[in-house]
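Basis for what follows: all heavy atoms, side chains included, without hydrogens, waters or symmetry-related copies.
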Amino acid sequence: VDLEESGGGLVQAGASLNLSCAASGRFANLHDMSWHRQAPGKEREFVAVINWSGASTRYADFAEGRFIVSRVDAKNMVYLRMNNLKSEDTAVYFCAASNPRQLSDYGLGKANFASWGQGTQVTVSS
């Protein structure tokens with residue numbers, strides 16, 4: 001599965017941003033799709049995941065209530081809606097595809113990923 005993120009940019013604190021991830025390749029719609037981010041000088045961290053059917057989602061604590069992950073399999077697209085952005089949300093955001101697994105594994109660093117995108121930069125000015 002090939003992945004390509006888009007939608008990043010420079011916004012002010014409190015603004016919203018929609019990230020997109022275009023997936024291509026065989027069986028793209030049969031993967032769990034997740035978002036991760038990496039801030040300068042920090043390790044990459046889990047943000048959100050949506051399972052292969054779109055029926056279940058899970059979020060990191062900092063994303064709960066502010067971010068929404070969704071997918072439209074007919075378009076092979078995955079989205080991350082980010083609301084009330086904070087300066088600490090500044091990072092490169094990546095989408096990833098993985099074989100279906102228990103969603104709690106993603107926040108625990110137990111997931112194995114089949115593909116990663118190149119990332120899209122999100123910068124939030126305070």
Requested in this report: Classify the side-chain pair E88/T90 by whether it contains a donor and acceptor separated by less than 3.5 Å.
Outcome: no
Report task. Determine whether V47 and L80 make a side-chain contact, defined as any pair of heavy atoms from C-beta on separated by less than 4.5 Å. Result -> yes
Query raised in the report: Stepwise, does the side chain to side chain contact (heavy atoms under 4.5 Å, CB included) test hold for D89 with F67?
Result: CA-CA 11 Å; D89 294 319; F67 295 2; 3.9 Å; yes
Query raised in the report: What are the two closest heavy atoms between A91 and R37, and how far apart are they?
Result: CB-CB, 3.9 Å
Query raised in the report: Out of curiosity, R101 CZ to K110 NZ, how far, rounded to the nearest 0.5 Å?
Result: 8.5 Å
Query - ILVMFWY cluster, V122 and I68 together (side-chain gap under 4.5 Å) - result: yes
**Report entry** Test applied, side chain to side chain contact (heavy atoms under 4.5 Å, CB included); reference residue, R71; option that passes from T57, N76, V78
**Finding:** V78
Report task. Determine, using the 4.5 Å side-chain heavy-atom cutoff (strictly less than), whether M82 and V69 are members of one ILVMFWY cluster. Result -> yes
Query raised in the report: Just how far is it from atom CE of M77 to atom SG of C95, taken to the nearest 0.5 Å?
Result: 9.0 Å
Query raised in the report: Should M33 and V49 be counted in the same cluster of Ile, Leu, Val, Met, Phe, Trp and Tyr side chains packed under 4.5 Å apart?
Result: no
Report task. Compute both the distance and the angle, then confirm whether R44 meets the cation-pi test with W116: under 6.0 Å from the six-membered ring centre, within 45 degrees of the axis. Result -> yes
Report task. Step by step, work out the side chain to side chain contact (heavy atoms under 4.5 Å, CB included) result for S98 and D32. Result -> CA-CA 5 Å; S98 51; D32 290 346; 3.8 Å; yes
Query raised in the report: What do the steps show when you test Q121 against T123 for side chain to side chain donor-acceptor pair (under 3.5 Å), and what is the final call?
Result: CA-CA 6 Å; Q121 175 71 47; T123 303; 3.3 Å; yes
Query - Steps toward side chain to side chain contact (heavy atoms under 4.5 Å, CB included) verdict (E5, W35) - result: CA-CA 10 Å; E5 304 92 338; W35 288 94; 4.0 Å; yes
**Report entry** OG-CG distance between S115 and D2, expressed to the nearest 0.5 angstrom
**Finding:** 6.5 Å
Requested in this report: Look up atom CG in L30 and atom CH2 in W52, then write down how far apart they are to the nearest 0.5 Å.
Outcome: 7.0 Å
Query raised in the report: Looking at the rings of H36 and F113, which for Trp means the six-membered one, are their centres under 6.0 Å apart?
Result: yes
Query raised in the report: CD of E4: more than 12 outside heavy atoms within 6.0 angstrom?
Result: no
Could you list the donor-acceptor pairs under 3.5 angstrom formed by side chains in residues 8-25, with sequence neighbours left out?
| residue | atom | partner | partner atom | Å |
| --- | --- | --- | --- | --- |
| S16 | OG | N83 | OD1 | 2.9 |
| N18 | OD1 | R81 | NH1 | 3.3 |

Requested in this report: Decide yes or no for L103 and N51: does some side-chain heavy atom of the first lie under 4.5 Å from some side-chain heavy atom of the second?
Outcome: yes
Report task. Examine Y93 and Y59 and state if one hydrophobic cluster contains both, with Ile, Leu, Val, Met, Phe, Trp and Tyr joined whenever side-chain heavy atoms are less than 4.5 Å apart. Result -> yes
Report summary line: All heavy atoms of K75 vs all of Y79, minimum pair found to be CD-OH, 4.4 Å
Query - Hydrophobic cluster identity match, F46 and F94, side-chain contacts under 4.5 Å - result: yes
